[in-house]
There are 2 protein chains.
Amino acid sequence: MSDMDTINRNILRELQANGRISNLELAEKVGLSPSACLRRVQELERTGVIQGYRALVDRNAIGGGFLAYITVGLSQHTKAHQMAFEKAMQRAPEVRECHNVTGTIEYLLRVEVADLAAYKHFHTEVLGTVPQVSSITSYIVMGSPKDQRA
Amino acid sequence: MSDMDTINRNILRELQANGRISNLELAEKVGLSPSACLRRVQELERTGVIQGYRALVDRNAIGGGFLAYITVGLSQHTKAHQMAFEKAMQRAPEVRECHNVTGTIEYLLRVEVADLAAYKHFHTEVLGTVPQVSSITSYIVMGSPKDQRA
DNA sequence: TATACGGCGCAATGTGCTTGTGTTTTGGGG
DNA sequence: CCCCAAAACACAAGCACATTGCGCCGTATA
């Protein structure tokens, strides 16, 4: 296991801010030689601390300008029903995140679609056709004052 | 504006899956020469379609193993109060996302902390000290069957 | 103190990025 | 149907960077 010293924390912070920073620049920022820095990054990747790298794409530019969070309650809480629901969410491309949560409902979804019409389609044709869904509450995102998704 | 043809869509798809793919490999996957591919990527970056690159870090490895979504309702809906609340969220490092949403509440937060104790601290010391907060509902994430955050 | 070990810096090598240039393709008008 | 202009592409050279082997040093252990 790679120990979490200050240098590693700095490396992760820099890579979270800019995943494509060159190893040279990264090494300088954290105060290491390029080789030592690279070895630490590779170790972090190998041990799974760094799970991968993603490009951040503007949703509006690719027809995903409509964003909503949805809470979903199930009428039955058996493992089989949960698995069935989760499978359905896996298949739906509009669903970007599906969290199993505590509270008055069971699931919290993040849904990205092109527009309100597409959202209605998802709401009725996708969520509406999954059995055991007992409650659906939509929270349409009007803006995100803070968004550090990575 | 860079037009969204099939090649560009493929480029974005590949970069969302692997933000550090080499330009050579990316070019081969989308069926272009390396130079043409690089020019398209640069154009996408220049026009803001690609907003940046991030490393995906395992939260458990850096002491952020406790994840929750929180819905927040305000007692007053004036612009000044909203701004004050958003400012407070900007300052709180535990808050990774803050969405302004429609519905029975005003805000949806994504909060990442180390453990339940840290969560309690955030709940009482941070959220509890912001005026105009009238309702707080926590949805603690037990698992994420699907997570395509990027 | 001797020794083993882990982490680091240095240097050389290979790989990929990057840009200028010529070529091909595409679209509109004669 | 052909021609021309503009955009997109492939090719190649130069260069920067990633990558790896090696020796050094500082620390822990017996």
Side-chain angles (χ1 to χ4, degrees), chain A residues 1-65 93 114 148-150, chain B residues 1-65 93 114 148-150:
Chain A
M1 180 66 190
S2 45
D3 51 340
M4 270 304 139
D5 57 6
T6 305
I7 295 181
N8 273 5
R9 258 187 292 271
N10 287 341
I11 287 177
L12 291 177
R13 182 167 42 78
E14 294 298 329
L15 284 179
Q16 281 184 335
N18 179 9
R20 260 196 167 180
I21 188 175
S22 78
N23 185 52
L24 243 60
E25 196 178 341
L26 178 61
E28 189 178 1
K29 285 202 177 192
V30 301
L32 247 60
S33 74
S35 61
C37 181
L38 182 65
R39 269 186 265 264
R40 278 173 178 263
V41 172
Q42 287 173 335
E43 177 70 8
L44 289 170
E45 291 170 348
R46 199 183 57 75
T47 57
V49 177
I50 295 177
Q51 298 173 320
Y53 301 88
R54 301 282 172 83
L56 217 60
V57 175
D58 183 11
R59 289 197 322 277
N60 295 316
I62 56 172
Q148 295 183 344
R149 301 196 313 135
Chain B
M1 182 65 190
S2 45
D3 51 339
M4 269 305 137
D5 58 6
T6 305
I7 295 181
N8 273 6
R9 257 187 293 272
N10 287 340
I11 288 178
L12 290 178
R13 183 168 41 79
E14 292 299 329
L15 284 179
Q16 280 184 333
N18 179 9
R20 261 197 165 178
I21 189 174
S22 79
N23 185 53
L24 246 60
E25 196 179 341
L26 177 61
E28 188 178 1
K29 285 202 177 192
V30 301
L32 249 62
S33 74
S35 61
C37 181
L38 181 65
R39 269 184 261 265
R40 277 176 179 263
V41 172
Q42 288 173 335
E43 177 70 8
L44 289 171
E45 292 171 348
R46 199 184 55 78
T47 57
V49 177
I50 296 178
Q51 298 175 318
Y53 301 88
R54 301 280 172 83
L56 215 61
V57 175
D58 182 11
R59 281 184 292 105
N60 294 316
I62 56 172
Q148 294 182 344
R149 303 196 315 134

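We name chains A, B, ... by the order of the sequence lines, and we start the count at 1 in each one.
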Separation of atom CD in B/E43 from atom C1' in D/dC9, rounded to whole Å
15 Å

Would a 4.5 Å heavy-atom cut-off, applied to side chains only, mark B/N18 and B/E14 as touching?
no

Working to the nearest 0.5 Å, report the span between OG1 of A/T6 and CZ of A/R13.
10.0 Å

d(CD1, A/I21; P, D/dC17) in whole Å
12 Å

Rounded to whole Å, the CG-C1' distance (A/L38 to C/dG7) equals 14 Å

Using the rule given for side chain to side chain contact (heavy atoms under 4.5 Å, CB included), can you reason through A/I50 versus A/Q16, listing the C-alpha separation, both sets of side-chain angles and the distance that settles it, and then say yes or no?
CA-CA 10 Å; A/I50 295 177; A/Q16 281 184 335; over 6 Å; no

note: A/N23, atom CG; C/dT15, atom C1'; distance rounded to Å ~ 15 Å

How would nucleotides 8-14 of chain C be written as a contact map, 5' to 3', with B for base contact, S for sugar-phosphate-only contact and - for no contact, using protein heavy atoms under 4.0 Å?
SBB----

Length of the CD-P vector between A/E25 and D/dA18, whole Å
10 Å

Just one of A/I21, A/I11, A/N10 clears the side chain to side chain contact (heavy atoms under 4.5 Å, CB included) bar with A/K29, so which one?
A/I21

Rounded off to whole Å, could you give me the CZ-to-C1' distance for the A/R46 and D/dT19 pair?
17 Å

Test item: B/I7 and B/R40 side chains (from C-beta on) under 4.5 Å apart, heavy atoms
yes

Quick test of your reading of the model: are A/R46 and A/E43 salt-bridged, counting only N-O distances below 4.0 Å?
yes

Measure the distance from NZ on B/K29 to C1' on C/dG16 and round it to the nearest whole Å.
17 Å

